[in-house]
Amino acid sequence: MMLSKVVDQLDQLELIDILQRLGVAYHFNNEIMNILDSVYNMDTSKWKNNLYATALKFRILRQHGYDISADVFLGFKDEMGNFKKCHVDRMLSLYEASFHSFENETILDEAKDLTSKFLKEYLIKNEGSYLSLLISHALELPLHWRISRWEAQWFINVYERMENMSPAILQFAKLDFNILQTIYIKKN
(Lines give C-alpha, C1' and ligand atoms only; values in the text may rest on other atoms or scores of the structure.)
Protein backbone atom coordinates (compact mmCIF):
# COMPACT_ATOMS: atom_id res chain seq x y z
CA MET A 1 0.00 0.00 0.00
CA MET A 2 2.87 2.34 0.81
CA LEU A 3 4.35 1.98 -2.68
CA SER A 4 1.05 2.91 -4.31
CA LYS A 5 0.64 5.99 -2.10
CA VAL A 6 3.94 7.49 -3.22
CA VAL A 7 3.22 9.56 -6.33
CA ASP A 8 6.49 11.35 -7.09
CA GLN A 9 8.73 9.10 -9.17
CA LEU A 10 11.92 10.14 -7.40
CA ASP A 11 10.30 9.27 -4.07
CA GLN A 12 9.25 5.92 -5.56
CA LEU A 13 12.83 5.18 -6.65
CA GLU A 14 14.16 6.15 -3.23
CA LEU A 15 11.62 3.87 -1.56
CA ILE A 16 12.54 0.99 -3.89
CA ASP A 17 16.21 1.58 -3.08
CA ILE A 18 15.50 1.49 0.66
CA LEU A 19 13.36 -1.66 0.36
CA GLN A 20 16.13 -3.35 -1.64
CA ARG A 21 18.82 -2.37 0.84
CA LEU A 22 16.69 -3.51 3.77
CA GLY A 23 16.25 -6.86 2.06
CA VAL A 24 12.46 -6.76 1.83
CA ALA A 25 11.94 -5.77 -1.80
CA TYR A 26 11.16 -9.37 -2.76
CA HIS A 27 7.80 -8.96 -1.01
CA PHE A 28 6.87 -6.25 -3.52
CA ASN A 29 8.19 -7.58 -6.83
CA ASN A 30 5.03 -6.86 -8.84
CA GLU A 31 4.58 -3.35 -7.44
CA ILE A 32 8.25 -2.53 -7.98
CA MET A 33 8.21 -3.78 -11.57
CA ASN A 34 5.09 -1.68 -12.31
CA ILE A 35 6.79 1.41 -10.91
CA LEU A 36 9.99 0.72 -12.84
CA ASP A 37 8.04 0.21 -16.07
CA SER A 38 6.40 3.58 -15.46
CA VAL A 39 9.72 5.31 -14.65
CA TYR A 40 11.43 3.73 -17.66
CA ASN A 41 8.67 4.88 -20.04
CA MET A 42 8.25 8.32 -18.47
CA ASP A 43 9.93 11.44 -19.77
CA THR A 44 12.29 12.43 -16.96
CA SER A 45 13.70 15.48 -18.71
CA LYS A 46 12.80 17.45 -15.58
CA TRP A 47 15.67 15.53 -13.94
CA LYS A 48 18.23 16.63 -16.55
CA ASN A 49 19.91 18.90 -13.96
CA ASN A 50 19.48 16.50 -11.03
CA LEU A 51 22.48 14.18 -10.89
CA TYR A 52 21.18 12.34 -7.83
CA ALA A 53 17.84 11.47 -9.48
CA THR A 54 19.45 10.56 -12.80
CA ALA A 55 22.06 8.30 -11.16
CA LEU A 56 19.47 6.63 -8.91
CA LYS A 57 17.16 5.98 -11.86
CA PHE A 58 20.05 4.66 -13.94
CA ARG A 59 21.32 2.33 -11.18
CA ILE A 60 17.94 0.87 -10.25
CA LEU A 61 16.82 0.39 -13.85
CA ARG A 62 20.11 -1.29 -14.77
CA GLN A 63 19.86 -3.50 -11.67
CA HIS A 64 16.50 -4.70 -12.92
CA GLY A 65 17.68 -5.33 -16.49
CA TYR A 66 16.29 -2.26 -18.25
CA ASP A 67 18.12 -0.93 -21.29
CA ILE A 68 19.14 2.58 -20.27
CA SER A 69 21.94 4.45 -21.96
CA ALA A 70 24.90 5.85 -20.04
CA ASP A 71 24.46 8.96 -22.20
CA VAL A 72 22.02 10.23 -19.56
CA PHE A 73 25.15 11.50 -17.78
CA LEU A 74 26.45 13.63 -20.67
CA GLY A 75 24.57 16.66 -19.39
CA PHE A 76 26.61 16.61 -16.19
CA LYS A 77 29.90 17.29 -17.93
CA ASP A 78 31.44 20.72 -18.45
CA GLU A 79 32.71 22.25 -21.70
CA MET A 80 36.03 20.42 -21.28
CA GLY A 81 34.28 17.05 -21.09
CA ASN A 82 34.90 16.56 -17.37
CA PHE A 83 32.25 15.78 -14.81
CA LYS A 84 31.22 18.76 -12.75
CA LYS A 85 31.81 18.31 -9.05
CA CYS A 86 28.72 18.78 -6.91
CA HIS A 87 27.24 17.94 -3.52
CA VAL A 88 28.53 14.76 -1.92
CA ASP A 89 25.21 12.85 -1.92
CA ARG A 90 24.98 13.33 -5.68
CA MET A 91 28.55 12.13 -6.12
CA LEU A 92 27.80 9.05 -3.99
CA SER A 93 24.79 8.27 -6.17
CA LEU A 94 26.90 8.64 -9.33
CA TYR A 95 29.61 6.45 -7.78
CA GLU A 96 27.14 3.62 -7.13
CA ALA A 97 25.65 4.01 -10.64
CA SER A 98 29.11 3.85 -12.24
CA PHE A 99 29.46 0.20 -11.24
CA HIS A 100 26.62 -0.73 -13.59
CA SER A 101 28.62 -0.05 -16.71
CA PHE A 102 28.95 -2.22 -19.76
CA GLU A 103 32.10 -2.64 -21.78
CA ASN A 104 33.22 0.55 -23.56
CA GLU A 105 31.04 2.89 -21.50
CA THR A 106 33.91 5.25 -20.81
CA ILE A 107 31.64 7.91 -19.33
CA LEU A 108 30.94 5.58 -16.40
CA ASP A 109 34.64 4.76 -16.00
CA GLU A 110 35.36 8.49 -15.81
CA ALA A 111 32.55 8.91 -13.31
CA LYS A 112 33.93 6.11 -11.14
CA ASP A 113 37.42 7.64 -11.12
CA LEU A 114 36.23 11.15 -10.29
CA THR A 115 33.71 10.14 -7.65
CA SER A 116 36.00 7.71 -5.84
CA LYS A 117 38.67 10.43 -5.49
CA PHE A 118 36.07 13.00 -4.44
CA LEU A 119 34.47 10.67 -1.86
CA LYS A 120 37.84 9.66 -0.38
CA GLU A 121 38.74 13.33 0.05
CA TYR A 122 35.35 13.98 1.66
CA LEU A 123 35.93 11.14 4.15
CA ILE A 124 39.24 12.59 5.28
CA LYS A 125 37.60 15.91 6.13
CA ASN A 126 34.26 14.66 7.48
CA GLU A 127 34.73 11.58 9.63
CA GLY A 128 31.91 10.43 11.86
CA SER A 129 28.92 11.87 10.01
CA TYR A 130 26.01 9.78 8.78
CA LEU A 131 26.97 10.46 5.17
CA SER A 132 30.57 9.44 5.91
CA LEU A 133 29.29 6.09 7.14
CA LEU A 134 27.47 5.51 3.84
CA ILE A 135 30.48 6.65 1.82
CA SER A 136 33.02 4.46 3.61
CA HIS A 137 30.65 1.50 3.21
CA ALA A 138 30.26 2.21 -0.52
CA LEU A 139 34.01 2.59 -1.04
CA GLU A 140 34.67 -0.77 0.61
CA LEU A 141 32.53 -2.64 -1.89
CA PRO A 142 29.92 -1.47 -4.40
CA LEU A 143 26.33 -1.98 -3.34
CA HIS A 144 25.34 -4.57 -5.93
CA TRP A 145 28.41 -6.71 -5.18
CA ARG A 146 27.34 -7.19 -1.58
CA ILE A 147 25.52 -10.20 -0.17
CA SER A 148 21.95 -9.00 0.27
CA ARG A 149 21.34 -10.50 3.74
CA TRP A 150 24.50 -8.97 5.18
CA GLU A 151 23.72 -5.67 3.51
CA ALA A 152 20.22 -5.79 5.01
CA GLN A 153 21.61 -6.35 8.49
CA TRP A 154 24.04 -3.45 8.10
CA PHE A 155 21.48 -1.14 6.50
CA ILE A 156 18.81 -1.80 9.15
CA ASN A 157 21.19 -0.29 11.69
CA VAL A 158 21.94 2.67 9.41
CA TYR A 159 18.29 3.19 8.44
CA GLU A 160 17.35 3.48 12.13
CA ARG A 161 19.47 6.65 12.31
CA MET A 162 18.01 8.32 9.23
CA GLU A 163 15.97 11.43 9.92
CA ASN A 164 13.23 10.53 7.45
CA MET A 165 13.05 6.80 8.22
CA SER A 166 9.68 5.10 8.29
CA PRO A 167 9.07 3.24 11.56
CA ALA A 168 6.69 0.85 9.77
CA ILE A 169 9.29 -0.07 7.14
CA LEU A 170 11.99 -0.42 9.79
CA GLN A 171 9.79 -2.69 11.91
CA PHE A 172 8.90 -4.78 8.86
CA ALA A 173 12.56 -5.11 7.83
CA LYS A 174 13.62 -6.22 11.33
CA LEU A 175 10.79 -8.74 11.52
CA ASP A 176 11.56 -10.12 8.07
CA PHE A 177 15.28 -10.37 8.87
CA ASN A 178 14.61 -12.22 12.12
CA ILE A 179 12.15 -14.63 10.49
CA LEU A 180 14.65 -15.46 7.75
CA GLN A 181 17.43 -15.92 10.30
CA THR A 182 15.23 -18.37 12.20
CA ILE A 183 14.49 -20.29 9.01
CA TYR A 184 18.20 -20.49 8.13
CA ILE A 185 19.11 -21.70 11.63
CA LYS A 186 16.41 -24.39 11.60
CA LYS A 187 17.69 -25.70 8.24
CA ASN A 188 21.15 -26.18 9.66
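- In this structure, CG on Leu94 lies 11.0 Å from CZ on Phe118, to the nearest 0.5 angstrom.
- Within a 6.0 Å radius of NZ in Lys120, other residues, nucleotides and ligands contribute 12 heavy atoms or fewer.
- The aromatic rings of Phe73 and Phe58 lie perpendicular to each other, with more than 60° between the two planes, well past the 30° mark.
- A donor-acceptor pair under 3.5 Å links the side-chain atoms of Asn126 to the main chain of Tyr122, judged by distance alone.
- In terms of modelled atom types and a separation under 3.5 Å, the side chain of Ser98 and the main chain of Tyr95 share a donor-acceptor contact.
- The side-chain heavy atoms of Gln63 and Arg59, taken from C-beta on, include a pair separated by under 4.5 Å.
- Going from atom CD1 of Ile107 over to atom CG of Asp71 covers 6.5 Å, rounded to the nearest 0.5 Å.
- Surrounding CD of Gln171 are at most 12 heavy atoms belonging to other residues, nucleotides or ligands under 6.0 Å away.
- Leu61 and Ile68 make their closest contact through CD1-CD1, 3.9 Å (heavy atoms, listed as atom of the first residue, atom of the second, distance).
- A donor-acceptor pair under 3.5 Å is formed between the side chain of Glu96 and the backbone N or O of Leu143.
- Using a cutoff of 4.0 Å between basic side-chain nitrogens and carboxylate oxygens, Glu105 and Arg62 are scored as salt-bridged.
- For the pair Glu151 (side chain) and Arg21 (backbone), a donor-acceptor distance under 3.5 Å is absent.
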| said: Pair Tyr26, Asp176 - check side chain to side chain donor-acceptor pair (under 3.5 Å), show working. | reply: CA-CA 11 Å; Tyr26 70 96; Asp176 184 71; 2.6 Å; yes
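- For Lys84 and Phe76, the positive end is not near the middle of the six-membered ring at less than 6.0 Å and at most 45° from its axis.
- From His137, atom NE2 reaches atom CG of Leu133 across 8.0 Å, with rounding to the nearest 0.5 Å.
- Side-chain atoms of Tyr40 come within 3.5 Å of backbone atoms of Asp67 as a donor-acceptor pair (strictly under, hydrogens ignored).
- A donor-acceptor distance shorter than 3.5 angstrom exists from the side chain of Ser136 to the backbone of Ser132, with no hydrogens or angles considered.
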